[in-house]
Novice: 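Just dropping this structure here.
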Amino acid sequence: STDNGGPIYGNGSAGANNYPLKGGKMNNWEGGIRGNAFVSGGFLPPSRRGIKWSGLAALWDWYATFAAFAGVDATDHRAAHAALPPIDSYDMSR
């Protein structure tokens, strides 16, 4: 996870410099939501090694991704049986 960008204060006091990204904490511009991540190790599929991915992902997307790396079904079957919505997690290893 990340603490995202630095704060940008609306009252005119000094804040952070998130250049070249626009915005900062508590807004949806890239300066407030964009962060770095990396994955390393033998479970990373060869097709995904050494690449730069510039898509959007959220912290909860790691759940489905790590489940796929481990060969485990990420479906919450108990929740499905209780008619609850499925997990909101995207497998980023594809």
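The first residue of the sequence shown is numbered 1, and numbering continues consecutively from there. Since the model is a prediction, treat every value here as computed from it, not as a measurement.
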Novice: Taking ring pair (Phe, Tyr, Trp, His ring centres under 6.0 Å) as the test, write out the residues that go with F66, two or more places apart.
Specialist: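 F66 satisfies ring pair (Phe, Tyr, Trp, His ring centres under 6.0 Å) with W62 once adjacent residues are dropped.
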Novice: Please give me the minimum heavy-atom distance between A74 and A64, naming the atom from each residue.
Specialist: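 In terms of heavy atoms, the two residues are closest at CB-CA, 4.2 Å.
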Novice: Take atom NE2 of H77 as the centre, draw a 6.0 Å sphere, and report whether it contains more than 12 heavy atoms from other residues, nucleotides or ligands.
Specialist: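 It does: H77 NE2 has more than 12 such atoms within range.
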Novice: I need the D91 CG to D61 CG distance, nearest 0.5 Å.
Specialist: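 So the gap between those two atoms works out to 9.5 Å.
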Novice: Please report the closest heavy-atom contact between D88 and W60, naming both atoms and the distance.
Specialist: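 Taking D88 first and W60 second, the nearest heavy atoms are O-CD1, 2.8 Å.
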Novice: Indicate, with yes or no, if M92 and F69 share a hydrophobic cluster defined by side-chain heavy-atom contacts under 4.5 Å among Ile, Leu, Val, Met, Phe, Trp and Tyr.
Specialist: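 Yes: a chain of side-chain contacts under 4.5 Å links F69 to M92.
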Novice: Within the supplied structure, the quantity of interest is the number of heavy atoms (other residues, nucleotides, ligands) at a distance under 6.0 Å from L84 CG; does it exceed 12?
Specialist: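 Correct, the count exceeds 12.
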Novice: Please determine whether the number of non-hydrogen atoms from other residues, nucleotides or ligands lying under 6.0 Å from atom CZ of R78 exceeds 12.
Specialist: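 Not buried by this count: 12 neighbours or fewer within 6.0 Å.
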Novice: How about CG on D73, more than 12 heavy atoms from neighbouring residues, nucleotides or ligands closer than 6.0 Å, or not?
Specialist: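 Above 12, so yes.
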